[in-house]
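None of these values were measured; they are calculated from a predicted model.
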Amino acid sequence: SDEEIRTVEHPDERRVLSFVGGEDAALARVEDYIWREDCLRQYFETRNGMIGPNYSTKFSPWLALGCISPRYLHHEAKRYEAERVQNKSTYWLTWELTCRDFYR
């Protein structure tokens, strides 16, 4: 539709992250959030923030559409614990992934 075309051509300037669909974009977000920016380290403290690209993981759109799986994110969190740090933030991310699938 014309509205969809306008949205793509003129994205909302208020957005905090440019969401692009697909597995490649999802994997890039995981790489940025967990490994490049090292945001998982303080996830517990920032997870309820709304403004800014690294408050919360912002993985939900890709999870909802099946572009990444909770199992993959769990694996990445465990790898992060082995390679960097295991803390309340890593526990909380894996707990919230569990809740997402099993406590609807």
Side-chain angles (χ1 to χ4, degrees):
S1 76
D2 287 342
E3 181 61 33
E4 290 172 322
I5 292 169
R6 278 193 296 277
T7 300
V8 171
E9 290 174 353
H10 305 288
D12 189 335
E13 297 298 323
R14 298 170 295 175
R15 72 186 190 277
V16 297
L17 190 65
S18 180
F19 287 100
V20 175
E23 183 182 24
D24 290 343
L27 295 174
R29 174 62 184 164
V30 173
E31 178 70 22
D32 286 343
Y33 183 84
I34 294 177
W35 300 106
R36 282 195 197 107
E37 300 293 329
D38 201 25
C39 294
L40 184 52
R41 183 178 301 268
Q42 68 271 359
Y43 172 72
F44 183 80
E45 291 79 21
T46 62
R47 73 191 190 285
N48 292 323
M50 305 263 298
I51 300 173
N54 294 326
Y55 290 101
S56 84
T57 64
K58 309 281 192 294
F59 296 151
S60 289
W62 293 289
L63 282 163
L65 296 173
C67 300
I68 52 172
S69 70
R71 181 178 286 178
Y72 175 76
L73 292 174
H74 181 267
H75 170 78
E76 287 298 289
K78 292 301 177 186
R79 183 165 75 100
Y80 182 89
E81 288 178 339
E83 294 180 16
R84 296 205 181 162
V85 66
Q86 180 179 3
N87 62 16
K88 190 173 187 175
S89 291
T90 58
Y91 168 81
W92 207 254
L93 177 66
T94 56
W95 171 249
E96 288 182 341
L97 287 168
T98 301
C99 291
R100 178 184 186 89
D101 276 358
F102 298 107
Y103 300 105
R104 290 184 181 199

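- To the nearest 0.5 angstrom, C67 atom SG is 14.5 Å from R29 atom CZ.
- When all heavy atoms of V20 and A25 are compared, the pair lying nearest together is O-CB, 3.1 Å.
- Between the T46 side chain and the Q42 main chain, a donor and an acceptor come within less than 3.5 Å of each other.
- With values rounded to the nearest 0.5 angstrom, S60 atom OG is found 9.0 Å from I68 atom CD1.
- When every heavy atom of S89 is checked against every heavy atom of L40, the shortest pair comes out as CB-O, 3.0 Å.
- When the shell of 6.0 Å around OH of Y72 is examined, it contains more than 12 heavy atoms from other residues, nucleotides or ligands.
- Atoms OG1 and CZ, from T90 and R41 in turn, are 10.0 Å apart once rounded to the nearest 0.5 Å.
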Given the rule in the side chain to side chain contact (heavy atoms under 4.5 Å, CB included) test, do R79 and E83 qualify, once you have shown the distances and angles that lead to the verdict? CA-CA 6 Å; R79 183 165 75 100; E83 294 180 16; 3.2 Å; yes
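- Atom CG of L63 is separated from atom CG of L73 by 5.5 Å, given to the nearest 0.5 angstrom.
- By the criterion of side-chain heavy atoms lying less than 4.5 angstrom apart, applied directly or through intervening Ile, Leu, Val, Met, Phe, Trp or Tyr residues, F59 is grouped together with L17 in one hydrophobic cluster.
- The number of heavy-atom neighbours closer than 6.0 Å to CD of E31, taken from other residues, nucleotides and ligands shown, is above 12.
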Please assess D38 against Y80 for the test side chain to side chain donor-acceptor pair (under 3.5 Å), listing each intermediate value before the final yes or no. CA-CA 9 Å; D38 201 25; Y80 182 89; 2.5 Å; yes
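- Contacts classified as salt bridge (charged side-chain N to carboxylate O under 4.0 Å, His left out) and involving residues 43-60 (residues at least two apart or in different chains) are given here: R47-E96.
- Under the 4.5 Å side-chain heavy-atom criterion for ILVMFWY residues, a single connected hydrophobic cluster contains both Y33 and L27.
- Under the 30°/60° scheme for interplanar angles, the aromatic rings of Y91 and W95 are found to lie parallel.
- The minimum heavy-atom distance between L97 and H74, with the atom names listed, is CD1-N, 3.9 Å.
- The aromatic rings of F19 and W62 sit tilted relative to each other, their planes meeting at an angle between 30° and 60°.
- Looking at every heavy atom in both residues, W35 comes nearest to R84 through O-NH1, 3.1 Å.
- Nearest heavy-atom pair across A77 and T94 is CB-CG2, 3.7 Å.
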